[in-house]
Trainee: 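Input: one structure, supplied below.
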Amino acid sequence: MVSTVSTTPAPAETPADVVARLRATFRTGRTRPLAWRTEQLRRLRRMLTEEGAELIAALHADLGKSEAEARRTEIDFTVREIDHTLDHLDQWLAPRPAPVPAFLGDATAWTVLDPLGVVLVIAPWNYPAQLLLAPVVGALASGNCVVAKPSELAPATSAALARLLPRHLDTDAVAVVEGGVPETTALLEQRFDHILYTGNATVGRVVMTAAARHLTPVTLELGGKSPAFVDAGTDPAVVAARLAAGKFLNAGQTCVAPDYVLTDPGTARALEAALADAVRGLYGPDPAASPEYGRIVNERHFDRLTALLGSGRTVVGGEHDRATRYIAPTVLAEVPADAPVMREEIFGPILPIVEVAGVDEAIAFINGREKPLALYAFTDSAEVRRRLTAETSSGGLGFGLPVAHLTVPDLPFGGVGESGMGRYHGHWSIETFSHRKAVLGKPLG
Ligand code: NAD
């Protein structure tokens with residue numbers, strides 16, 4: 001279903017129609033001027049501030065997100081991305097000089113950024129507003145037209161975005177296409193100039209295969225098991241509070257959530273008790289009654305997650321209720337490395353602790369698996385930090401605080417290997433959604 005604003009009811013547009021319409025707009029050059037780009041960003045900002053309540057209600061309906069969490073992780077996050085882009089866009093778009101070798105005499109060289117054309121953004125359900133809109137910010141700031149495809153698994157948010165975006169943005173340049181697999185498959189048959197996909201690696205392969213037919217470049221924002229190494233000698237209360245806040249945000253349905261803990265047996269014992277305290281500190285004695293604690297997106301994911309609860313020894317949590325899709329914040333101790341909960345990305349509120357002898361074994365454990373989207377380490381040792389930086393590979397690396405690296409506007413956000421390719425946020429989005437064109441000039445006289 002395509003949402004556009006029109007005075008007369010138009011017959012439903014096919015994906016080919018939508019792309020052709022947007023491409024025609026792009027060819028007029030209307031999306032290139034800085035003024036058009038900043039106007040779209042300001043309108044998107046207005047949409048988020050004036051119609052935030054509609055989005056917050058939708059996020060609550062889809063994921064039980066509290067208003068505070070919806071504001072912090074979806075609406076305010078995107079507003080900050082817009083503000084940062086508005087503050088710096090002219091500077092990011094300025095031509096960049098490049099040194100010229102002596103044999104070219106008085107020639108000069110520089111690069112300029114060209115918009116790509118029509119960009120497709122495909123978003124997942126877990127942060128269904130932020131993960132659609134933050135890439136749209138970058139695509140518009142780069143002077144492109146955009147087809148935005150929200151996740152059908154967050155249906156209320158998808159519908160709200162399909163209503164709101166056309167009301168606020170230039171509908172000749174931005175289209176929302178709602179739907180699931182058939183609609184996305186039909187979209188992927190079209191020729192785009194860039195595709196940014198956020199979701200799982202299986203569908204990532206589908207997207208990349210479809211893109212290859214048109215030689216369309218892709219950014220794949222995927223997931224995986226992000227480890228958290230806890231060094232001996234760290235304060236268990238501090239570590240547990242930060243781990244729990246990062247893990248149980250959005251009921252664990254966060255791509256950069258710490259997936260599991262790696263630590264030595266002595267530290268594990270202290271951490272178990274501290275994690276139980278941290279969960280009570282965040283959500284009280286009964287998280288089911290806490291307005292701050294979310295729900296699992298659907299029954300399929302609920303069933304998948306409850307099947308993982310059997311591993312190890314339950315330190316806190318374990319309670320669940322299918323009718324309300326509630327799974328308590330759960331910590332599992334002494335989990336074997338080959339337990340079911342260690343075989344796939346958890347993407348829910350279950351935190352296993354796997355014991356290793358120390359940092360050498362932790363590094364070997366991490367390097368024995370796919371490259372994660374994020375690696376976290378709690379340590380005050382400069383040498384351990386240095387080794388983790390130099391001897392492991394991950395999309396991002398956080399010392400002492402999980403999840404927060406993606407809130408730093410000019411840090412690139414993206415994975416490596418099985419956790420994705422490409423990056424966005426801040427000026428990295430401009431590099432992703434533009435072509436950096438090489439230019440050489442030599443005077444004729
Ligand atoms: P999802 O099921 O909502 O799918 C994502 C998108 O892919 C949706 O828009 C959906 O319509 C589309 N899709 C699904 N099947 C398709 C198919 N066969 N062909 C074409 N399109 C299809 O979300 P999900 O994949 O369950 O999301 C969870 C995963 O996403 C986790 O692995 C998580 O780590 C990862 N993730 C990564 C990031 C990141 O920024 N790197 C952010 C959030 C989630």
Side-chain angles (χ1 to χ4, degrees), residues 1 15 62-63 73-74 77-78 81 120-136 138 147-159 161-162 176-190 192 195-211 218-226 246-247 249-259 296-298 300-302 304-305 344-348 370-374 394-396 403 405-407 411-425 428-429 432:
M1 193 185 6
D62 287 331
L63 290 150
T73 63
E74 307 248 19
F77 184 98
T78 313
E81 180 75 10
L120 173 62
V121 175
I122 305 176
W125 51 266
N126 60 332
Y127 290 87
Q130 185 218 126
L131 293 173
L132 189 79
L133 298 177
V136 166
V147 176
K149 214 299 285 175
S151 176
E152 74 282 13
L153 298 184
T157 311
S158 175
L161 290 165
V176 180
V177 176
E178 288 193 86
V181 175
E183 290 80 4
T184 316
T185 305
L187 266 181
L188 286 171
E189 283 164 13
Q190 309 309 311
F192 290 94
I195 300 174
L196 185 144
Y197 165 82
T198 305
N200 66 74
T202 305
V203 176
R205 287 173 167 82
V206 172
V207 170
M208 195 166 173
T209 303
V218 292
T219 303
L220 301 179
E221 297 285 339
L222 311 177
K225 290 183 86 62
S226 297
K247 176 72 184 189
L249 179 74
N250 201 23
Q253 301 162 114
T254 300
C255 56
V256 288
D259 187 274
I296 304 307
V297 66
N298 58 28
R300 183 171 68 79
H301 281 283
F302 177 91
R304 179 182 66 75
L305 287 162
E344 56 176 86
E345 179 181 2
I346 298 168
F347 219 55
E370 297 291 354
K371 293 176 181 174
L373 184 57
S394 56
V403 183
H405 59 293
L406 67 87
T407 65
L411 278 182
F413 180 52
V416 56
E418 192 73 10
S419 59
M421 62 180 72
R423 56 206 63 77
Y424 74 118
H425 283 183
W428 300 96
S429 288
T432 288

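Counting convention: from 1, in listed order, for ligands and their atoms alike.
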Trainee: Test your reading of the model: is there a side-chain donor-acceptor pair from Asp62 to the backbone of Ala156, 3.5 Å cut-off?
Mentor: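 Yes, Asp62 side chain to Ala156 backbone: donor-acceptor pair under 3.5 Å.
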Trainee: Stepwise, does the side chain to side chain contact (heavy atoms under 4.5 Å, CB included) test hold for Leu188 with Thr209?
Mentor: CA-CA 10 Å; Leu188 286 171; Thr209 303; over 6 Å; no
Trainee: Specify the protein heavy atom at minimum distance from atom 4 (O) of ligand 1: its residue, its atom name, and the distance to 0.1 Å.
Mentor: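 Heavy-atom neighbour on the protein nearest atom 4 (O) of ligand 1: Tyr197 OH, 4.2 Å.
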Trainee: Check whether Lys247 reaches the backbone of Pro258 with its side chain - one donor and one acceptor, N or O, closer than 3.5 Å.
Mentor: yes
Trainee: Heavy-atom distances under 4.0 Å are what count here, so tell me which part of Leu373 touches ligand 1: side chain, backbone, both or neither.
Mentor: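 The answer is the side chain of Leu373.
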Trainee: Within ligand 1, which atoms have a heavy atom of Asn126 less than 4.0 Å away?
Mentor: 43 (C), 44 (C)
Trainee: How long is the gap from CG on Leu133 to CZ on Phe77, to the nearest 0.5 Å?
Mentor: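 Reported to 0.5 Å precision, the distance equals 11.0 Å.
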Trainee: Nearest protein heavy-atom contact for atom 22 (C) of ligand 1: which residue, which atom, what distance?
Mentor: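 The answer is Val203 CG1, 3.4 Å.
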Trainee: Would you name the heavy atoms of Ser394 and Ala374 that are closest together and state the gap between them?
Mentor: CB-C, 4.2 Å
Trainee: Report, in ascending order of atom number, the atoms of ligand 1 lying under 4.0 Å from any heavy atom of Glu221.
Mentor: 37 (C), 38 (C), 39 (C), 40 (O), 41 (N)
Trainee: May I ask you to check if ligand 1 and Thr185 share an N or O to N or O distance below 3.5 Å?
Mentor: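 Checking ligand 1 against Thr185, no N or O pair falls under 3.5 Å apart.
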Trainee: Suppose we screen for side chain to side chain contact (heavy atoms under 4.5 Å, CB included). Which residues come up paired with Gln190, at least two apart in sequence or across chains?
Mentor: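 Per chain and number, Gln190 pairs via side chain to side chain contact (heavy atoms under 4.5 Å, CB included) with Pro15, Ala16, Val19, Phe192.
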Trainee: Run the numbers on Thr219 and Arg423 for side chain to side chain contact (heavy atoms under 4.5 Å, CB included), then give the verdict.
Mentor: CA-CA 7 Å; Thr219 303; Arg423 56 206 63 77; over 6 Å; no
Trainee: Only heavy atoms of Ile122, strictly under 4.0 Å: list the atoms of ligand 1 that pass.
Mentor: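 Counting from 1, the qualifying ligand atoms are 6 (C), 7 (O), 9 (O).
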Trainee: Starting from atom 9 (O) of ligand 1, which protein heavy atom do you reach first, and at what distance in Å?
Mentor: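 Looking at atom 9 (O) of ligand 1, the protein heavy atom closest to it is Ala123 O, 2.7 Å.
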Trainee: Between the candidates Pro372, Cys255, Gly204, which shows the shortest non-hydrogen contact distance to atom 36 (N) of ligand 1?
Mentor: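 Ranked by closest heavy atom to atom 36 (N) of ligand 1, first place is Cys255.
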Trainee: Got the closest protein heavy atom to atom 21 (N) of ligand 1, with its distance?
Mentor: Thr184 CG2, 3.2 Å
Trainee: May I have the step-by-step check of side chain to side chain contact (heavy atoms under 4.5 Å, CB included) for Asp259 and Phe347, ending in yes or no?
Mentor: CA-CA 7 Å; Asp259 187 274; Phe347 219 55; over 6 Å; no
Trainee: Just let me know how Tyr127 lines up against ligand 1, side chain, backbone, both or neither, with a heavy-atom cut-off below 4.0 Å.
Mentor: neither
Trainee: Only heavy atoms of Leu153, strictly under 4.0 Å: list the atoms of ligand 1 that pass.
Mentor: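 With Leu153 as reference, the close atoms of ligand 1 come out as 2 (O).
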Trainee: Can you check whether Thr198 has an N/O within less than 3.5 Å of an N/O in ligand 1?
Mentor: no
Trainee: Might you work through the side chain to side chain contact (heavy atoms under 4.5 Å, CB included) test for Ile346 and Leu305, ending with a clear yes or no?
Mentor: CA-CA 7 Å; Ile346 298 168; Leu305 287 162; 3.9 Å; yes
Trainee: For ligand 1, which atoms sit closer than 4.0 Å to a heavy atom of Gly199?
Mentor: 25 (O), 27 (O), 29 (C), 30 (O), 35 (C)
Trainee: Pull out every atom of ligand 1 sitting under 4.0 Å from any heavy atom of Ser151, numbered as shown with elements.
Mentor: 3 (O), 9 (O)
Trainee: Could you state the interatomic distance from CD (Glu152) to CD (Glu178), rounded to the nearest 0.5 Å?
Mentor: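 So the CD of Glu152 and the CD of Glu178 are separated by 10.0 Å.
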Trainee: Show me which atoms of ligand 1 lie under 4.0 Å from any heavy atom of Leu131.
Mentor: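 Taking each heavy atom of Leu131 in turn, ligand 1 has 42 (C), 43 (C) under 4.0 Å.
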Trainee: At what distance is the nearest protein heavy atom to atom 28 (C) of ligand 1, and which residue and atom is it?
Mentor: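 Checked against all protein heavy atoms, atom 28 (C) of ligand 1 sits closest to Phe347 CE2, 3.6 Å.
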Trainee: Select one of side chain, backbone, both or neither to describe which atoms of Leu222 lie under 4.0 Å from any atom of ligand 1, heavy atoms only.
Mentor: backbone
Trainee: Under 3.5 Å, which donor-acceptor pairs do the side chains of residues 122-130 form with other protein atoms, sequence neighbours left out?
Mentor:
residue	atom	partner	partner atom	Å
Asn126	ND2	Gln253	O	3.1
Tyr127	OH	Thr254	OG1	2.5
Gln130	NE2	Thr73	O	2.8

Trainee: Suppose I only count heavy atoms of Lys149 and a 4.0 Å limit; which atoms of ligand 1 are within that range?
Mentor: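 It comes down to these atoms of ligand 1: 8 (C), 9 (O), 10 (C), 11 (O).
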Trainee: Specify the protein heavy atom at minimum distance from atom 1 (P) of ligand 1: its residue, its atom name, and the distance to 0.1 Å.
Mentor: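 Residue, atom and distance for the closest contact: Trp125 CD1, 3.5 Å.
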Trainee: Nearest to atom 34 (O) of ligand 1, what protein heavy atom do you find, and at what distance?
Mentor: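 Protein heavy atom at minimum distance: Glu345 OE2, 2.6 Å.
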Trainee: Looking only at protein heavy atoms, which one is nearest to atom 18 (N) of ligand 1, and what is the separation?
Mentor: Val181 CG1, 3.7 Å
Trainee: Looking at Leu220 and Gly204, what are the two nearest heavy atoms and their distance?
Mentor: CD1-O, 3.8 Å
